[in-house]
Each structure stands twice: as C-alpha cells, then as structure tokens.
Participant: 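This is the structure, below, for whatever I ask next.
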Amino acid sequence: MNVSPMRVYFDYNATSPLAEDVTDAVVRATRDVFGNASSVHHFGQQAKATMDAARSAVATLLNADLSEIVFTSGGTESDNFAIRGAAEALEPTGRRHLIASAIEHEAVLNTLKALARRGWRTTLLSVDQSGIVSPGRLRDAIGADTAVVSVMQANNEIGTIQPIAALAAIAHEHGALMHTDAVQSAGKIPVDVRVLGVDLLSMSAHKFNGPKGAGVLWIKRGTRMQPVLTGGKHERNRRAGTENVPAIAGLGVAARLAAGKLSVEAPRVAALRDRLEAGILRAVPGTAVNGAPESRVPNTTNISFERVEAESLLIALDLEGVAVSTGSACSSGTLEPSHVLRAMGLPAHRTQSSLRFSLGMFSTEEEVDRVIEMLPRLVGKLRGLTRKTVPA
C-alpha cells in the first residue's frame with residue numbers, strides 16, 4: 001500500500017487500497033495473461049482459466065452458482081444492467097413500475113430518472129431518521145405493474161443495513177424482481193444471495209481491496225434480462241465486450257481474501273470504528289451519529305458536528321493528513337447537501353455539518369487515536385471562526 005505512514009485514510013467507502021496479493025495478481029495477469037479469453041488457443045484459454053478462478057471465488061463469497069456471475073466494469077454498470085435489463089425484459093408484460101429507496105446511490109436513482117423519461121412510473125420509498133427502509137412502505141407502494149424493486153443492502157454514507165430478505169419476499173408476492181446494490185456490504189459482512197432471496201445483486205471490487213474497473217452482477221438462474229451492452233457472446237450472451245482480465249483476476253483474489261478473513265476482520269474493524277465514534281462523541285461537544293447505530297456495516301460512521309461546515313472540517317483534516325468525506329465520492333463537487341441525510345429528514349444544520357468516516361483493512365488503533373486527539377482542536381478553531389463572522 002503506497003499510503004504515507006504520516007497520513008490517515010478513513011475513506012474506504014469511496015475506494016480501498018489494494019491488498020498486496022491483489023496487486024500481485026493484477027501485475028501478473030497484466031504481464032503474462034494477455035490473451036483474449038474468447039480465443040481458443042493457449043493464450044486465450046489461459047485468460048479464460050484466470051477468469052474462471054475469479055468467477056469461482058466470487059461465487060463462493062456470495063454462495064452463488066458459477067453460471068450466475070456476470071463480470072462488469074463496476075457497481076454503476078451492474079446497477080444499470082440490473083434495473084434496465086430487468087425492466088426492459090419485463091416491459092412486454094405491462095410491468096412498467098419501478099421502486100427504489102430514496103437513499104440509493106446515484107447509479108440507481110439516475111437510472112430510474114432516465115427510465116421515467118421513457119415512460120416508466122417510478123416510486124422512491126422514504127425512510128425515517130434511522131435510515132432504514134420499512135417493509136410496510138414497500139407493501140403500500142408496490143402493485144401488479146411493478147417490475148423491479150431496488151434497495152441497497154448497506155448505505156454508502158451512513159452504513160445502515162436494510163431488511164433485504166423481508167423486502168424481497170414482498171416483491172415476490174407481487175411478481176416483481178428484487179435487486180440489491182451490495183457494493184458497500186460485499187466483503188464487509190456475510191452476503192448470501194440464497195438467504196437474501198434476491199434476484200439480482202451488484203458488487204464492485206474496489207470497495208473491498210480489489211482493483212477499479214471490475215464488478216459483478218449476480219443474476220439468479222432463470223431471471224430474464226435484456227442485455228444493456230450488445231455485441232459478442234461474452235458472459236453467456238449477457239454482457240458483450242472483451243473482458244478486463246487483469247482487473248477480474250484482482251477481483252477474484254479480493255473475493256477470496258474477503259471470504260477467508262471476514263470472521264476476523266469484521267469485528268476488528270468494528271472495534272476500531274466504535275473506538276473512533278465513542279472518542280469523537282466524548283471529546284467533541286455537539287456531535288451526533290446519523291442513522292441507526294445498531295444496524296450498520298462494521299466500518300462506517302457518519303457524524304454531525306454542530307456549528308461546523310462539513311467541507312471546512314474535511315479540508316482542515318486533510319491539511320493534517322487525514323482523509324475522510326462528506327458522503328458519496330460520486331457526488332463530490334456538488335454544493336447540495338447529502339440526499340441521504342435529507343431523505344432521513346435531518347434538519348439542514350445536520351445535513352451540512354456531517355462527515356463520513358469509513359475504515360478498512362489497513363486501519364489501526366494509532367490512526368483512530370490520532371484523529372480523536374486532533375478533532376477537538378480543529379472543531380474548536382472552526383467554531384471560533386464562525387462566532388467571529390456572525391454580526392453582533
């Protein structure tokens with residue numbers, strides 16, 4: 001990992017550093033496995049064998065069949081493929097209603113907006129300040145024309161885990177397909193597609209120490225899908241395009257590592273997250289945790305700092321060598337407050353003063369304690385500046 005020991009990286013939900021074994025796998029595949037996996041000669045079959053090994057590792061992580069794993073370029077493509085592919089396959093049946101939660105990633109929300117412009121009816125399920133989707137709200141919204149329900153398993157900003165199995169059961173009662181975006185849960189908590197009862201599941205390698213440019217859409221056997229990319233017969237005619245073999249090789253190694261260390265790593269990271277959270281709440285007055293604290297992925301906390309502008313605190317931390325975020329990296333650059341926190345009904349001063357801390361494989365107690373030690377000084381300084389700029 002090429003992160004300076006003087007710097008602290010607490011933004012794993014945006015992307016995670018490569019595990020050493022993953023780096024080695026990507027380098028080897030880039031250098032040695034250059035064949036096209038669709039070619040019948042030795043070099044092509046070498047690439048295909050690399051992909052087969054990765055497919056097996058992902059299938060093991062998800063408790064899936066090999067034939068159900070479709071490689072993509074990442075979470076955004078997987079989400080698009082899941083919703084567009086399923087919706088378009090079901091369009092001839094008259095099912096033209098799509099449901100998602102109001103706190104989904106933009107890859108889901110903007111896909112629904114695009115389909116709405118083409119005539120699909122869409123519904124966003126609201127959440128309360130827990131950040132959890134109520135099965136009752138889905139039951140009230142779903143109908144005979146609903147094609148797809150899409151609710152993320154774990155939220156990228158606040159980390160809350162949704163009752164996916166209960167939501168999937170309601171979707172299936174009404175003949176709809178259930179998709180879950182597991183980008184922030186795969187590799188962090190057990191993700192078993194059979195237990196969840198879903199039809200479609202998205203994941204992305206770079207969220208659990210794999211490379212960027214590789215993702216997965218798990219498609220339950222028998223689920224009808226319209227391909228989003230058309231071309232050759234790659235991925236069993238489901239996703240055309242020459243495969244990114246080095247990135248897929250890294251994805252496979254990351255999946256294997258995640259499956260092997262989950263029982264140890266999840267509680268270790270959870271203990272660090274809890275230490276960080278408790279230390280901040282104790283050391284900095286006027287702080288509060290956003291979202292349900294009892295139902296979260298182990299690495300994430302979202303904390304509001306009263307009378308502090310989140311962007312200012314983020315910059316102050318970065319100047320001290322600490323990387324955190326105000327929310328989704330895909331929304332950086334916007335002046336709008338988090339759509340997740342707004343959907344939870346938090347007041348404006350909370351939505352504009354919240355930071356996300358997300359930890360991972362390389363996080364340590366020393367890093368946690370360093371952040372706890374510096375935050376009171378930084379917050380105090382920013383609050384002092386705010387007082388000075390308020391007219392008498």
Participant: From Glu77 CD over to Ser204 OG, what is the distance, rounded to the nearest 0.5 angstrom?
Facilitator: 10.5 Å
Participant: By the definition salt bridge (Lys or Arg N to Asp or Glu O under 4.0 Å), identify the one residue from Arg55, Arg194, Lys220 that meets it with Glu68.
Facilitator: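 Looking at Arg55, Arg194, Lys220, the match for Glu68 under the salt bridge (Lys or Arg N to Asp or Glu O under 4.0 Å) is Arg194.
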Participant: If you measure from the Lys or Arg side-chain nitrogens to the Asp or Glu carboxylate oxygens, is any gap between Arg224 and Glu91 under 4.0 Å?
Facilitator: no
Participant: For the residue pair Asn290 and Met344, what are the closest heavy atoms and their distance?
Facilitator: C-CE, 4.3 Å
Participant: Taking the side chain from Ser295 and the backbone from Thr160, do they hold a donor-acceptor pair closer than 3.5 Å?
Facilitator: no
Participant: Just by distance, do the side chain of His234 and the backbone of Gly241 share a donor-acceptor pair under 3.5 Å?
Facilitator: yes
Participant: Looking at OG of Ser185 and CD1 of Ile161, how far apart are the two atoms once the value is rounded to the nearest 0.5 Å?
Facilitator: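 With rounding to 0.5 Å, OG (Ser185) is 7.5 Å from CD1 (Ile161).
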Participant: Between Arg370 and Glu365, is there a side-chain N and carboxylate O pair less than 4.0 Å apart?
Facilitator: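 Salt bridge flag = no for Glu365 with Arg370.
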Participant: Could you tell me whether a side-chain N or O of Ser16 sits under 3.5 Å from a main-chain N or O of His206, the two making a donor and an acceptor?
Facilitator: yes
Participant: Would you please indicate if the ring centroids of Phe43 and Phe34 are separated by under 6.0 Å?
Facilitator: yes
Participant: Can Arg238 and Glu235 be counted as an ion pair, charged N to O under 4.0 angstrom?
Facilitator: no
Participant: Salt-bridged, Glu173 to Arg139, with N to O below 4.0 Å?
Facilitator: yes
Participant: Measure from the side-chain N and O atoms of Ser78 to the backbone N and O of Ser202, and report whether any donor-acceptor pair falls under 3.5 Å.
Facilitator: no
Participant: Would you find a donor on one side and an acceptor on the other, under 3.5 Å apart, between the side chain of Lys207 and the backbone of Ala186?
Facilitator: no
Participant: Taking all atoms of both residues into account, what is the closest heavy-atom pair of Gly215 and Leu251, and its distance?
Facilitator: O-CD2, 4.0 Å
Participant: If only side-chain N and O atoms count, and only distance matters, is there a donor-acceptor pair under 3.5 Å linking Arg356 with Ser325?
Facilitator: yes
Participant: Could you state the interatomic distance from NE2 (His179) to CH2 (Trp218), rounded to the nearest 0.5 Å?
Facilitator: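 His179 atom NE2 to Trp218 atom CH2 measures 10.5 Å (nearest 0.5 Å).
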Participant: Please check if the side chain of Ser39 supplies one atom and the backbone of Gly35 the other of a donor-acceptor pair under 3.5 Å.
Facilitator: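 Checking the backbone N and O of Gly35 against the side chain of Ser39, no donor-acceptor pair under 3.5 Å is found.
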Participant: Checking side-chain hydrogen bond (donor to acceptor under 3.5 Å, both in side chains) between Thr146 and each of His97, Arg96, Arg121, which is the one that passes?
Facilitator: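 Of all the options given, the one that passes is His97.
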Participant: Hey, is Arg377 close enough to Glu320 for a salt bridge, meaning N to O under 4.0 Å?
Facilitator: yes
Participant: Run the salt-bridge test on Asp199 and Arg221 with the 4.0 Å N-O cut-off and return the result as yes or no.
Facilitator: no
Participant: With salt bridge (charged side-chain N to carboxylate O under 4.0 Å, His left out) as the criterion, how do Glu306 and Arg350 come out once you've worked through the C-alpha distance, each side chain's angles and the decisive distance to 0.1 Å?
Facilitator: CA-CA 7 Å; Glu306 185 179 307; Arg350 286 276 293 273; over 6 Å; no
Participant: Are the charged groups of Glu367 and Arg7 less than 4.0 angstrom apart, N to O?
Facilitator: no
